[in-house]
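Inspection log for the structure reproduced underneath, given as structure tokens.
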Amino acid sequence: MNADEQLSAWFAGRLPENWFAETPKVVVDREEITVLGTLPSLSVAEGLPELERAAAIEGYVERFREETRERRIDIAREAEHRFRRKVSWGVVVGGEAVMFTTLSVPVMTRLRQPERQVLDTLVAAGVARSRSDALAWCVRLVGKHTDSWLADLRDALQHVDRVRAEGPGGLD
């Protein structure tokens with residue numbers, strides 16, 4: 001079991017069973033652990049007009065957030081101490097992800113003039129407030145349109161991690 005699998009298993013064991021309809025998705029990078037759980041469907045919202053349905057789901061998410069806040073904070077503190085990363089929380093309801101907390105991490109990059117001009121065009125057009133926002137917008141756009149390729153790449157990296165962890169057996 002690699003480190004990410006151990007971390008996911010730890011959260012699965014720490015989270016109350018009645019919080020989510022299925023095992024939560026745990027996403028890890030160098031700075032942050034994101035726990036994203038699917039809430040059980042809200043039967044009250046079924047058959048409602050779209051506007052009322054959206055309001056009911058919004059209330060459902062807020063109720064879950066308030067009712068679980070103290071326990072989520074306790075689990076996050078424990079995880080942050082144990083894994084040395086910040087913990088972010090979110091839920092999936094009706095196929096939509098709603099994040100409660102997220103970490104914003106500065107990233108340094110060097111861009112040549114043509115790349116800076118792209119960012120400046122996005123700022124001038126009002127798509128983004130700053131070059132930083134424009135760059136984040138570009139990254140989200142690329143991620144959205146290359147999900148399957150990025151997923152394949154992440155799978156390949158996990159395979160490399162597993163092989164590396166096993167080491168070169170049989171070299172006696």
Which is it for Phe11 and Val87 under the side chain to side chain contact (heavy atoms under 4.5 Å, CB included) test, yes or no, and what are the steps along the way?
CA-CA 11 Å; Phe11 272 97; Val87 176; 4.2 Å; yes
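Proximity of Val93 to Leu42: side-chain heavy atoms (C-beta onward) are nowhere separated by under 4.5 Å.
Sorted by first and then second residue, the ring pair (Phe, Tyr, Trp, His ring centres under 6.0 Å) pairs with a member in residues 106-127 form an empty list; sequence neighbours excluded. Applying the side-chain hydrogen bond (donor to acceptor under 3.5 Å, both in side chains) test to residues at least two apart or on different chains, none of the pairs has a partner in residues 149-161. Within the structure, side-chain hydrogen bond (donor to acceptor under 3.5 Å, both in side chains) contacts touching residues 62-73 (residues at least two apart or in different chains) are Glu66-Arg69, Thr68-Arg72. Sorted by first and then second residue, the side-chain hydrogen bond (donor to acceptor under 3.5 Å, both in side chains) pairs with a member in residues 48-59 form an empty list; sequence neighbours excluded. The stretch residues 78-90 participates, sequence neighbours left out, in these salt bridge (Lys or Arg N to Asp or Glu O under 4.0 Å) pairs: Arg14-Glu78, Glu80-Lys86. Sorted by first and then second residue, the pairs that involve residues 17-36 and meet side-chain hydrogen bond (donor to acceptor under 3.5 Å, both in side chains), not counting sequence neighbours, are Glu32-Ser88.
Partners of Phe83 by ring-ring contact (aromatic ring centres under 6.0 Å, His included), not counting sequence neighbours, listed by chain and number: Trp10. Checked against side-chain contact (heavy atoms from CB on, under 4.5 Å), Val92 has the following partners two or more places apart in sequence or in another chain: Leu36, Thr38, Ala97. For Trp89, there are no ring-ring contact (aromatic ring centres under 6.0 Å, His included) partners, not counting sequence neighbours.
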Output a table of donor-acceptor pairs, distance under 3.5 Å, between side-chain atoms of residues 120-142 and any protein atom two or more places apart or on a different chain; print 'none' if there are none.
residue, atom, partner, partner atom, Å
Asp120, OD1, Arg131, NE, 2.7
Asp120, OD1, Arg131, NH2, 3.4
Asp120, OD2, Arg131, NH2, 3.0
Thr121, OG1, Gln117, O, 2.8
Arg129, NE, Asp133, OD2, 3.0
Arg129, NH2, Asp133, OD2, 3.1
Ser130, OG, Ser132, N, 3.4
Ser130, OG, Asp133, N, 3.1

Donor-acceptor pairs under 3.5 Å, side chain of residues 106-116 to any protein atom, not counting sequence neighbours: which ones?
residue, atom, partner, partner atom, Å
Glu115, OE1, Arg112, N, 2.9
Arg116, NH1, Leu111, O, 2.7

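With a 4.5 Å cut-off between side-chain heavy atoms of Ile, Leu, Val, Met, Phe, Trp and Tyr, the cluster of Val160 takes in none.
Note that OH of Tyr60 and CG of Leu39 are 4.5 Å apart. Values are rounded to the nearest 0.5 Å. In this structure, CG in Leu15 is found 5.0 Å from CD1 in Ile75, a value given to the nearest 0.5 Å.
Considering all non-hydrogen atoms of both residues, Gly37 and Pro24 come closest at CA-CB, 4.0 Å.
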